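Below you'll find the structure, written out as structure tokens, and then a few comments.
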Amino acid sequence: MSVVGVVAAVLVAIVFLVAGVSKTAAPDRWRSEAAGMGVRGLLVTVTPWVELVVGALLAVQFQRHVVAWCAVALLIAFTVLLLVRLAQGRRPVCACFGSLSQRPIGAVHVVRNAVFLALAVTAALA
């Protein structure tokens with residue numbers, strides 16, 4: 001195992017675990033903020049649990065390369081959603097980290113996601 005890949009996977013795991021836990025800790029708030037971002041239905045229900053599973057699997061290095069690619073796909077989807085909302089001129093409160101997110105979305109969220117994506121790609125390839 002590559003030390004760089006392991007460290008990158010652990011960092012991405014922390015991101016996903018914090019995001020999932022913060023959403024499940026305040027589900028009503030998560031639903032409201034997700035609606036503000038335009039996320040509805042089953043995606044609102046499953047997103048925190050998918051984040052928790054991906055985070056847990058990365059934390060224990062289970063099939064790290066495969067799970068890291070799943071993290072990449074999720075981060076791309078989250079980033080595309082941010083970019084679409086920003087392009088629409090909408091700046092809802094970021095639901096990225098559930099109850100821990102208070103600021104409206106902006107360029108900083110896109111840059112942050114780019115860093116997370118780089119880490120996830122590193123975890124997948126290293």
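The structure displayed is predicted, hence computed values, not measured ones.
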Handout entry: Between NE2 on residue His109 and CZ on residue Arg85, distance to nearest 0.5 Å
Key =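 Between His109 NE2 and Arg85 CZ, I get 14.5 Å after rounding to 0.5 Å.
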Problem - Between CG on residue Leu57 and SG on residue Cys70, distance to nearest 0.5 Å - result: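 Output value for this atom pair is 9.0 Å.
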Practice task
Could you note down all residue pairs passing side chain to side chain donor-acceptor pair (under 3.5 Å) where residues 54-69 supplies at least one of them, sequence neighbours left out?
Solution key: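 Qualifying pairs, neighbours excluded: Gln61-Arg64.
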Exercise for the section: Mind checking salt bridge (Lys or Arg N to Asp or Glu O under 4.0 Å) for Arg112 and listing every partner two or more places apart, or none if nothing turns up? Expected result: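 With sequence neighbours excluded, Arg112 shows a salt bridge (Lys or Arg N to Asp or Glu O under 4.0 Å) to no residue whatsoever.
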Handout entry: Counterpart residues, salt bridge (Lys or Arg N to Asp or Glu O under 4.0 Å), relative to Arg90 (two or more places apart)
Key =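 Salt bridge (Lys or Arg N to Asp or Glu O under 4.0 Å) list for Arg90, sorted by chain: empty.
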Hey, quick one: are [X] and [Y] part of the same hydrophobic cluster, counting side-chain heavy atoms closer than 4.5 Å, chains of contacts allowed?
X: Leu86; Y: Val93; result: no
X: Val54; Y: Ile14; result: yes
X: Val66; Y: Ile76; result: no
X: Val7; Y: Val10; result: yes
X: Val67; Y: Phe78; result: yes

Please list, one pair per line, the donor and acceptor atoms closer than 3.5 Å that link side chains of residues 36-49 to other protein atoms, with sequence neighbours excluded.
from	atom 1	to	atom 2	distance (Å)
Arg40	NH1	Ala35	O	3.0
Thr47	OG1	Leu43	O	2.5

Contact summary for [X] and [Y], nearest pair of heavy atoms:
X: Leu58; Y: Ala68; answer: CD2-N, 3.8 Å
X: Ala34; Y: Ala95; answer: N-CB, 4.0 Å
X: Ala59; Y: Leu17; answer: CB-CD1, 4.5 Å
X: Ala71; Y: Val12; answer: CB-CG1, 4.0 Å
X: Ala13; Y: Gly55; answer: CB-O, 3.2 Å

Scan the side chains in residues 113-126 for donor-acceptor partners under 3.5 Å anywhere in the protein, sequence neighbours excluded, and list what turns up.
from	atom 1	to	atom 2	distance (Å)
Asn113	ND2	Thr79	OG1	3.1
Thr122	OG1	Ala118	O	2.8

Practice task
Evaluate side chain to side chain contact (heavy atoms under 4.5 Å, CB included) for Phe16 paired with Leu74, printing each intermediate quantity in order.
Solution key: CA-CA 10 Å; Phe16 274 83; Leu74 288 167; 3.7 Å; yes
Exercise for the section: Check whether any side-chain heavy atom of Val15 lies under 4.5 Å from a side-chain heavy atom of Phe97, and answer yes or no. Expected result: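 They are in side-chain contact.
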Practice task
Using the salt bridge (Lys or Arg N to Asp or Glu O under 4.0 Å) rule, collect all pairs that involve residues 19-33, keeping only residues at least two apart or in two chains.
Solution key: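 Residue pairs passing salt bridge (Lys or Arg N to Asp or Glu O under 4.0 Å), neighbours aside: Lys23-Glu51, Asp28-Arg31, Arg29-Glu33.
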